Amino acid sequence: MTETTPARVRYAPSPTGRFHIGGARTALYNYLLARQTGGQFIIRIEDTDRKRFVPGSEQEILESLNWLGLHWDEGPDLGGPHAPYRQSERVDLYRAHAEQLVELGLAYFCFCSPERLAAMRQDLERRKQPPHYDGLCRRLAPAEAAARRAAGESHVVRLKVPESGRTTAVDRLRGEIQVENTSLDDVILLKSDGLPVYHLAAMVDDRLMGITHVLRSSEWLPTFPLHVLIYQAFGWEQPVWVHLSVFLNPSGKGKMSKRDAVSGASSIYPLDLREQGYVPEAVVNWLALMGWSYDDRTEVFGLEDLVQRFSLDRLNPSPAAVNYSKLDHFNGIHIRSLPEAELARRLAPVFERHRISVTEADLVPLAPLIQERIRTLDEAVEMAGFMFGESVSPVAADLIGPGMTAAASAAAVRRAQRLIGERERLEPESLEAELRGLAEELGLKVGQLFTILRIAVTGQRVSPPLIETMVLLGREQVLERVARAGDLLEDAG
RNA sequence: GCCCCCAUCGUCUAGGGGACUAGGACGUGGCCCUUUCAAGGCUAAAACCGGGGUUCGAAUCCCCGUGGGGGCACCA
């Protein structure tokens, strides 16, 4: 079943480190749902933990999302009807809501010191018991609690979890999840510094911002019932809850982690992927299919296709191992589907990064030659960097044709040199015909002659198609390089 | 220790009681095409975690194991 009413969804990262592909996929699914239903996609920064704050990470998040094409309707930079979109700027809201819950008798002030809590936790651990707040302050008379608070005693606000019964939480993918209330802790909602924890802040904001669907990481599954309880305490209607599976590292053992960013060739960070020559279309396509599928055969999608076809019903609840060779595959496909001018446009900064000065206009005629040969944009430099250097420097030994002597190779090169020299300019059809003719005349296989010339002209064994490359390079350049190869071969012989 | 989630080829997945000799894709091997490398085409090997049920019939439903993952903070 596809959602029909406009969905207001949010991606709510905390700025505590680098932005990775797991977050990107969560953002993607949220974005797709919003666009498909004509709803809104909101970015909210969850920065209520001052200790873990990492400067610059908010920028990385926003830059990554923009690069991927996941543009938002409301957010910390854009503002919107529910501004501000940074939780650190919304603390009064959380405080008021926490107090409201205390007044309703559904939460309470707790004066237990961190030391007492730590000691209690240690004790329980020693006795192999699950960590659990003992409810000391829950039993305080409201009047006494109010007095101690008024006296300025340091305190937090805790949720009063029912002491019996069960809580049923409904996840769109997994159905009903039931837990005994006794297994739930009286979680802290408001810290002693007056800032909320996730459990309070996210619920309040989701409600206030009119969030209809919460698509978030399955790390939240264990505290999901608590969140349902908080909604119930406020008397709010539940949103549609969807817990997305986590990403496993490429081996399939263990959750994807920072280590995986350095251990392999490919990174878990979108911005690194960009640096490595991946196109956003490929990253989006790849991410979309890790945890979601359309059918049993279609797998190449652009963002717009995904907007059209995405469906919560086709989400997969099981964890997925990251597979970079599949990313390479998608990257090749999406590079090939780019218009030539667009490919040239994207290639320009890549050559620049490799300190090869070349204009976008120079790259336009080259684009079709390499388009189906590269899997990442950076491979273009390897493949065709020789086009933009002053000269190439092949080694004589490499110039000798397969199964040939240096002398025979030299002779072949000189004949080719003369043939090219006799032409005013190079035209692909006739050049190819004449070189093929030459090979035949010399009793060589086309491959033998072309291999020699390829190395002479490009300096490499692997290159774009020889004829087109020579035409692009131009008569003078080709002549110079072929002549030099002839010299090298004659010296070697 | 306790709680929660998950379970089909190496990996991503299709499958929602009979259409399954379990389909597709990546990767891997072979062949074809071919001026190199790609791309493309064809092809091969490769999976229902185990055990009990339910049913005429189970990859599909239930239970128990096992395995994997996540969580148990004045982090998110």
Side-chain angles (χ1 to χ4, degrees), chain A residues 12-16 46-49 51-52 110 112-114 117-118 121 124-132 154-158 169 171 173-174 177-180 183-185 187-193 195-199 201-202 216-225 243 245-246 248 250-255 286 289-300 314 316-330 332-333 336 370-375 379 383 432 435-436 439 445-451 453-455 458 460-467:
Chain A
S14 53
T16 52
E46 311 220 322
D47 56 349
T48 54
D49 186 353
K51 294 187 283 294
R52 291 207 307 155
C110 173
C112 293
S113 69
L117 297 177
R121 197 160 34 237
L124 287 168
E125 196 175 327
R126 207 174 308 120
R127 287 164 31 209
K128 303 276 187 205
Q129 296 291 306
H132 200 83
S154 176
H155 65 279
V156 300
V157 174
R158 284 184 185 271
D171 176 86
L173 294 186
R174 301 157 219 266
I177 295 167
Q178 295 201 2
V179 293
E180 295 293 338
S183 75
L184 265 22
D185 210 0
V187 284
I188 290 173
L189 300 177
L190 207 63
K191 298 181 273 183
S192 57
D193 63 4
L195 293 178
V197 299
Y198 175 91
H199 306 307
R216 46 142 47 172
S217 159
S218 63
E219 297 170 345
W220 294 113
L221 230 27
T223 46
F224 179 24
H243 292 89
S245 63
V246 295
L248 270 23
S251 72
K253 300 281 176 194
K255 191 167 77 157
W286 176 60
L289 258 21
M290 298 182 76
W292 174 85
S293 62
Y294 177 62
D295 61 15
D296 63 342
R297 49 200 67 244
T298 323
E299 56 162 21
V300 177
R314 299 200 59 89
N316 189 327
S318 51
V322 173
N323 180 351
Y324 285 107
S325 62
K326 198 134 188 176
L327 171 60
D328 286 342
H329 175 246
F330 282 128
I333 289 176
R336 267 172 263 139
I370 59 174
Q371 187 158 29
E372 67 182 26
R373 304 188 149 68
I374 55 175
R375 286 168 92 82
E379 283 174 12
M383 175 78 65
E432 174 164 5
L435 285 176
R436 282 178 182 278
K445 287 186 176 168
V446 174
Q448 290 178 300
L449 178 63
F450 278 36
T451 297
L453 292 176
R454 183 186 312 282
I455 291 172
T458 71
Q460 26 190 83
R461 292 210 109 80
V462 173
S463 80
L466 218 215
I467 305 296

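This one's a predicted model, so the numbers in the text were calculated from it and none came from an experiment. Below, chain A is the first sequence line, B the second, and so on; all start at residue 1.
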Side-chain donor-acceptor contacts of residues 289-298 of chain A below 3.5 Å, not counting sequence neighbours, with atom names and distances?
unit_1: A:W292; atom_1: NE1; unit_2: A:S311; atom_2: O; d: 3.3
unit_1: A:D295; atom_1: OD1; unit_2: A:R297; atom_2: N; d: 2.8
unit_1: A:D295; atom_1: OD1; unit_2: A:T298; atom_2: N; d: 2.6
unit_1: A:D295; atom_1: OD1; unit_2: A:T298; atom_2: OG1; d: 3.1
unit_1: A:D295; atom_1: OD2; unit_2: A:T298; atom_2: OG1; d: 2.7

Taking the [atom1] atom in each of [N] and [M], what is the distance between them to the nearest angstrom?
N: B:C56; M: B:C49; atom1: P; answer: 25 Å
N: B:C12; M: B:G17; atom1: C1'; answer: 26 Å
N: B:G16; M: B:U21; atom1: P; answer: 14 Å
N: B:U13; M: B:A22; atom1: C1'; answer: 13 Å
N: B:G23; M: B:G65; atom1: C1'; answer: 31 Å

Position toward the 5' end of RNA chain B (nearest nucleotide), A:V462 or A:L117 | A:V462

5' precedence on RNA chain B between A:G447 and A:V246 (nearest-nucleotide basis) | A:G447

Contacts of A:E372 meeting salt bridge (Lys or Arg N to Asp or Glu O under 4.0 Å) (sequence neighbours excluded), chain-then-number -> none

Who is the Watson-Crick or G-U wobble partner of [N], with both distances under 3.5 Å?
N: B:G67; answer: B:C6
N: B:G40; answer: B:C32
N: B:U11; answer: B:A25
N: B:U55; answer: none

Heavy atoms of chain A, cut-off under 4.0 Å: which first and last nucleotide of RNA chain B, 5' to 3', fall inside that, if you could look?
-> B:G1 to B:A76

Side-chain donor or acceptor of A:K191 paired with backbone N/O of A:T48 under 3.5 Å = yes

Backbone N/O of A:D328 and side chain of A:W286: donor-acceptor pair under 3.5 Å | no

What is the ring orientation for A:Y198 with A:W220, classed by angle as parallel under 30°, tilted 30 to 60°, or perpendicular over 60°?
-> parallel

Under-4.0 Å salt bridge between A:E379 and A:R375 = no

